[in-house]
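Quick notes on the structure that follows.
Below, chains carry the letters A, B, ... as their sequence lines are ordered, and counting in each starts from 1.
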Number of protein chains: 2
Amino acid sequence: MNSQSEEDYLKALYHLQMESIRVNTNSIADYLKMKPSSVTDMLKKLAEKNYVNYQKYKGTSLSKKGKLVALQIIRKHRLWETFLVEKLGFGWGQVHLIAEQLEHIKSEELIEKLDAFLGNPKYDPHGDPIPNEKGRIEKMNQKLLIELKQNQKGIITGVKRGTASLLSYLDKENIKLGDGVKVLEIIEFDGTFIVEINKRKLTFSEKICQNLLLETYD
Amino acid sequence: MNSQSEEDYLKALYHLQMESIRVNTNSIADYLKMKPSSVTDMLKKLAEKNYVNYQKYKGTSLSKKGKLVALQIIRKHRLWETFLVEKLGFGWGQVHLIAEQLEHIKSEELIEKLDAFLGNPKYDPHGDPIPNEKGRIEKMNQKLLIELKQNQKGIITGVKRGTASLLSYLDKENIKLGDGVKVLEIIEFDGTFIVEINKRKLTFSEKICQNLLLETYD
DNA sequence: CAGGAAATTTAGTTTAGTCTAAAAGTTTCA
DNA sequence: TGAAACTTTTAGACTAAACTAAATTTCCTG
């Protein structure tokens with residue numbers, strides 16, 4: 001069993017590895033708001049447990065085993081965020097800190113039951129994909145509404161970062177994650193989209209379309 | 001903000017205080033599976049923070065402030081247990097260990113939203129009452145056994161007028177006033193109650209249930 | 001390519017929460 | 001009432017995970 005702290009490091013490593021294969025000690029320290037010397041200590045410990053490939057002064061990368069653990073934490077984080085938004089009605093900005101705590105709860109069974117309860121979602125409310133139990137992330141087929149053409153369809157999976165007000169607008173319009181969208185018409189003049197959602201015809205400004213994330217089928 | 005460990009001690013104190021006002025160091029150690037010396041250390045710390053009234057060699061009691069914290073943790077524990085059983089479909093035997101972790105998640109708002117999501121339940125799946133945000137447990141009142149539902153609990157306070165023979169039956173069965181009763185099962189067909197009293201499983205006819213008075217929590 | 005700047009590691013310290021062993025206080029009962 | 005038994009506290013040590021300060025390595029630039 002891994003400590004909360006170990007889990008935080010593995011998750012940080014995973015996120016930072018998106019940027020570059022080998023991750024600097026200092027960037028981990030920045031990310032986790034810790035001192036580089038503390039990071040060095042923990043990296044040695046994680047290397048000991050074969051979670052990372054650590055080489056003095058040369059940076060660190062996740063091992064296969066470490067990556068799996070990281071993905072399982074990310075899975076938990078995203079499932080909990082989905083729960084908080086979809087079931088408890090939290091708004092966006094609020095969920096991260098809470099999910100950061102919930103992701104460390106230890107119980108395989110809990111997370112599988114939660115997943116089922118949420119209807120096995122593929123994306124969290126930020127539109128980030130939710131890894132499966134084996135740590136696999138389904139290839140994303142994610143697009144912005146503005147990228148769609150007339151008659152194309154998609155399922156709302158989220159909104160781009162920093163657009164909390166769009167979320168509350170959608171909420172007010174009674175539009176939820178998972179709702180289907182079909183592009184009926186695109187007004188060339190101002191980029192407005194006429195779409196159908198839940199059998200209702202709606203008009204979305206260009207700005208909305210630039211921030212609304214969909215999963216598409218093509 | 002209190003540590004997980006501090007919260008565990010306060011909760012233990014609360015439960016042990018049901019038995020006797022001043023709680024022994026050793027009984028806390030037993031309850032938490034720690035050594036008495038560790039308990040002494042923590043009690044001093046909690047006394048420093050005014051959560052407990054600790055007197056060397058004389059036992060410990062919760063202060064008003066400590067009791068409130070304990071009740072808020074118990075509230076969280078019981079709400080999460082309710083969630084696990086009602087929403088995720090766990091059996092009640094399985095939920096305790098998970099709720100023990102979830103009860104330490106820090107977020108007022110989370111717990112209020114969870115409470116609302118569950119429909120503001122008054123009892124958890126074990127029939128234990130859920131304290132409100134202010135730590136109040138609703139005042140107990142009297143009911144007939146027949147008014148109870150499965151898993152609810154009560155304390156025997158008497159029998160209805162004119163049923164002396166019921167009293168002597170109880171006496172013969174070695175059941176006394178003040179004994180706790182828990183409804184295990186209600187047989188729909190004939191209204192028979194299967195109950196647990198003093199760790200014994202007993203069957204009560206509908207007529208007995210119509211005449212046995214209990215003190216309950218709601 | 002030398003030397004300073006930046007990054008990283010090492011060494012030693014701190015804190016919270018636990019432990020063991022021993023000392024001190026309390027209770028019990030012959 | 002006093003000695004044994006039990007309870008509790010004290011003293012000192014350990015571990016995980018952080019820190020600071022100093023030493024070391026690597027990088028970059030003139």
Side-chain angles (χ1 to χ4, degrees), chain A residues 1-14 16-17 19-62 66 69-70 73 97 100-101 103-106, chain B residues 1-13 16-17 19-62 66 69-70 73 100-101 103-106:
Chain A
M1 197 90 316
N2 308 305
S3 71
Q4 193 152 317
S5 187
E6 288 171 328
E7 292 185 351
D8 287 337
Y9 277 88
L10 292 174
K11 195 170 60 128
L13 243 347
Y14 182 87
L16 292 167
Q17 228 171 46
E19 304 297 309
S20 60
I21 304 298
R22 300 226 131 229
V23 179
N24 297 330
T25 299
N26 274 6
S27 52
I28 302 171
D30 283 357
Y31 190 90
L32 295 175
K33 285 167 187 159
M34 284 197 246
K35 300 299 164 190
S37 54
S38 310
V39 174
T40 302
D41 285 351
M42 182 58 92
L43 290 177
K44 285 178 179 171
K45 186 176 162 190
L46 293 172
E48 196 63 41
K49 290 187 167 194
N50 291 314
Y51 285 134
V52 303
N53 309 113
Y54 165 70
Q55 286 178 70
K56 263 191 186 184
Y57 298 105
K58 300 292 161 119
T60 305
S61 64
L62 281 172
V69 175
I73 299 158
L97 277 176
E100 204 101 271
Q101 299 177 66
E103 74 192 5
H104 298 294
I105 301 293
K106 259 84 175 171
Chain B
M1 196 91 312
N2 309 306
S3 72
Q4 194 152 316
S5 189
E6 288 170 329
E7 292 186 350
D8 287 337
Y9 277 88
L10 292 174
K11 195 169 59 123
L13 243 347
L16 293 167
Q17 228 170 48
E19 302 299 307
S20 60
I21 304 298
R22 299 225 132 230
V23 180
N24 298 330
T25 298
N26 274 6
S27 51
I28 302 170
D30 283 357
Y31 190 90
L32 294 174
K33 284 166 187 164
M34 284 200 245
K35 299 300 162 190
S37 54
S38 310
V39 175
T40 301
D41 285 351
M42 182 57 92
L43 290 177
K44 284 179 181 173
K45 186 176 163 191
L46 293 172
E48 196 63 41
K49 291 188 168 194
N50 292 313
Y51 285 132
V52 302
N53 309 114
Y54 165 69
Q55 288 178 68
K56 265 192 185 182
Y57 297 107
K58 300 292 161 121
T60 305
S61 64
L62 281 172
V69 174
I73 299 158
E100 204 102 89
Q101 298 177 65
E103 73 193 5
H104 297 294
I105 301 293
K106 259 86 176 169

Nucleotide pairing, DNA chain D (Watson-Crick or G-U, distances under 3.5 Å), in dot-bracket with [ ] and |: ||||||||||||||||||||||||||||||
Spacing of B:I28 atom CD1 relative to D:dT7 atom P, expressed in whole Å: 14 Å
Rounded distance (Å) that lies between atom P of D:dT10 and atom CG of B:L43: 11 Å
Side-chain N or O of A:N24 closer than 4.0 Å to phosphate OP1/OP2 of C:dA7: no
B:Q4 CD - C:dT18 P separation (whole Å): 10 Å
Non-hydrogen side-chain atoms of A:D8 and A:I73 separated by less than 4.5 Å: no
Shortest non-hydrogen contact from B:K35 toward B:A29: C-CB, 4.0 Å
Spacing of B:Y54 atom OH relative to D:dT9 atom C1', expressed in whole Å: 6 Å
Spacing of B:M1 atom CE relative to C:dA16 atom P, expressed in whole Å: 16 Å
Over all atoms of both residues, closest heavy-atom pair of B:E103 and B:E7: O-OE1, 4.3 Å
Atom-pair distance (CZ on B:R22; C1' on D:dT8), nearest Å: 14 Å
Closest approach of A:M1 to A:E6 (non-hydrogen atoms, all atoms of both residues): O-OE1, 4.5 Å
Taking every non-hydrogen atom, the tightest pair across B:P36 and B:T25: O-CG2, 3.7 Å
Collect all protein-nucleotide pairs involving nucleotides 25-27 of chain D in which both atoms are nitrogen or oxygen and the distance is under 3.5 Å.
from	atom 1	to	atom 2	distance (Å)
D:dT25	O4'	A:Y57	OH	3.4

Check: A:M34 and A:M42 side chains under 4.5 Å, non-hydrogen atoms: no
Side-chain heavy-atom pair B:L10, B:L46 within 4.5 angstrom cut-off: yes
Between P of C:dT9 and CE of A:M42, the distance in whole Å: 15 Å
Atom of B:K106, atom of B:N2 and distance for their closest heavy-atom approach: NZ-O, 3.0 Å
Contact summary for B:Y54 and B:A47, nearest pair of heavy atoms: CB-CB, 3.9 Å
Pick out the pairs of N or O atoms, protein on one side and nucleotides 19-21 of chain C on the other, that lie under 3.5 Å.
from	atom 1	to	atom 2	distance (Å)
C:dC19	OP2	B:K35	N	3.1
C:dC19	OP2	B:S38	OG	2.6
C:dT20	O4	B:S37	OG	2.8

Integer-rounded Å distance: C:dA16 P and B:D8 CG: 17 Å
Side chain to side chain, B:Y31 and B:S27, heavy atoms closer than 4.5 Å: no
Phosphate OP1/OP2 of C:dT10: any A:T40 side-chain N/O under 4.0 Å: no
